[in-house]
2 protein chains.
Amino acid sequence: MCDLIVKGDLILKRAEFIGESIDFLHKYTMKSLQKTAEEHGVTIPQIRVIGDVYAHKTVSIKQLSQNLKMTQSTVSDIVDRLIAKKLLVKTPNQKDKRLVDISLSPRLAEDIDESIAELTNQSLVAVLDLLDPSEQEAVEKGMKLLVSAVKEKMLAEGMDNHNFIDILYFSEKDKRGK
Amino acid sequence: MCDLIVKGDLILKRAEFIGESIDFLHKYTMKSLQKTAEEHGVTIPQIRVIGDVYAHKTVSIKQLSQNLKMTQSTVSDIVDRLIAKKLLVKTPNQKDKRLVDISLSPRLAEDIDESIAELTNQSLVAVLDLLDPSEQEAVEKGMKLLVSAVKEKMLAEGMDNHNFIDILYFSEKDKRGK
DNA sequence: ACACGATACATCGTGCACGATTTATTTTAT
DNA sequence: ATAAAATAAATCGTGCACGATGTATCGTGT
């Protein structure tokens, strides 16, 4: 009402902006990848799964869910659809019959295009290219700060972070003991 | 393999890190809000809708979809569920019979808790509080850079941004002319 | 007055995403 | 060796999210 603004208000505005930004960036990356993906007749999550199977040659549902940070049920669903599309095959593991070995279908293993496996952040590369190095560093620095603050809070409030928080720990140069 | 790293590789690493960060932050904000939300027996998108209805007293589906950056069908679904929960009511607009007036149900309008409408980025405020002002600024700066780069790219490739890109234009101090 | 395009909303189909539960198998503790 | 705990997948139910399509209603142009 008057132009005396409390300190809390600034933080609130910042939080709002950052919240919207996260949402915006998330939607953008999804939408952007989606176009590339659907040229191949698949979706983004499907490409991510394929990429991980490709990288590991053979994986279990559990491993996929850890690598891609999705629940097992989600992964299970996606894998099913990819099998229906004849892009993946599922064979029971001999060592441990609870496990299931997921691998590329012979057909896909041939013309894997190499690109399909790694186009995951194709669009973000192009975006970063629009910024000069110092700006890119500013972006990265901001992200790191925010992410580490979020992780701190998650730990503080004991947020169940089973296979969730452990993602970005490598990005820092220092990876000294937990 | 050797430690001579091409420039492109750095950008690629950055893109990967930023991509994962966006995903991480998105999941975190979702998860974090969800806890607060489900204490009230609703979901995050539902709270967002309620918040917007509360703020505008009466809105159409179209308006909601613009404010919340969701498609009309998504909003329509959510509103339906909220009506089923007796939290919203729907009355046909008299001026224009194509429109539908969405408003809070009398019951909800009473104990609207005031908090429920504005807890949207509650958790991010707490996160920012863990950073000192200069760090917060760094985060904000990084976000702004990234967001504006993304917007630039979207415009460049004529990405259909009907009610999608216009979001974060206000965050800057300059808001001159539409 | 009437046809035509635009608009607002609802509906349908698909896929993602998660939690909860179930089933089969392995591991462990006794 | 057997019961009990633990683990890996699958399955079910719910909700979000979107595009495509259908259905009224409104506005215009002629």
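Each chain gets a letter, A, B and so on, in the order the sequences are listed, and its residues count up from 1. What you see is a predicted model; the values in this text were computed from it and never measured.
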In terms of the nearest nucleotide of DNA chain D, which residue is placed more toward the 5' end: A:Gln34 or B:Gln46? B:Gln46
So, OP1 or OP2 of [N]: does either fall under 4.0 Å of a side-chain N or O from [X]?
X       : N      : answer
A:Ser60 : D:dA8  : no
B:Thr43 : D:dG15 : no
B:Lys31 : C:dG19 : yes

How many Å lie between [atom1] on [X] and [atom2] on [N], as a whole number?
X       : N      : atom1 : atom2 : answer
A:Ile78 : D:dA10 : CD1   : C1'   : 15 Å
A:Lys85 : C:dG15 : NZ    : C1'   : 9 Å
B:Asp77 : C:dC9  : CG    : C1'   : 12 Å
B:Met70 : D:dG19 : CE    : P     : 14 Å
A:Arg48 : C:dG15 : CZ    : P     : 18 Å
A:His26 : D:dA17 : NE2   : P     : 10 Å
B:Glu38 : C:dA20 : CD    : C1'   : 13 Å
A:Asp80 : D:dC12 : CG    : C1'   : 13 Å

The side chain of [X] is closest to which nucleotide in this list: [options]?
X       : options                : result
B:Lys27 : D:dA17, D:dA9, C:dC18  : C:dC18
A:Lys62 : D:dA8, C:dT11, C:dA17  : D:dA8
B:Ile61 : D:dG15, D:dT11, C:dA10 : C:dA10

I'd like to know whether NZ of B:Lys57 has more than 12 heavy-atom contacts from other residues, nucleotides or ligands below 6.0 angstrom.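 At most 12 heavy atoms, drawn from other residues, nucleotides or ligands, come within 6.0 Å of this atom.
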Hey, can you pull the residues of residues 86-102 of chain B with a non-hydrogen atom under 4.0 angstrom from DNA chain C? B:Lys90, B:Arg98, B:Leu99, B:Val100
For [X], all residues meeting side-chain contact (heavy atoms from CB on, under 4.5 Å), sequence neighbours excluded:
X        : answer
A:Asp101 : A:Thr58, A:Thr91, A:Asn93
A:Ala126 : B:Lys153
A:Gln72  : A:Ile61, A:Lys62, A:Ser65

On a plain distance test, is the side chain of A:Gln72 in donor-acceptor contact with the base of D:dA8 below 3.5 Å? no
Between the base of C:dG19 and the side chain of A:Thr71, is there a donor and acceptor pair under 3.5 angstrom? no
Going by side-chain hydrogen bond (donor to acceptor under 3.5 Å, both in side chains), name the residues that satisfy it together with A:Gln63, two or more places apart in sequence or in a different chain. A:Ser60
Side-chain ion pair, B:Lys144 and B:Glu140, N-O less than 4.0 Å: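 Salt bridge: yes.
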Tell me, please, which residues at least two apart from B:Lys90 pass salt bridge (charged side-chain N to carboxylate O under 4.0 Å, His left out).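 So B:Lys90 forms a salt bridge (charged side-chain N to carboxylate O under 4.0 Å, His left out) with B:Asp80.
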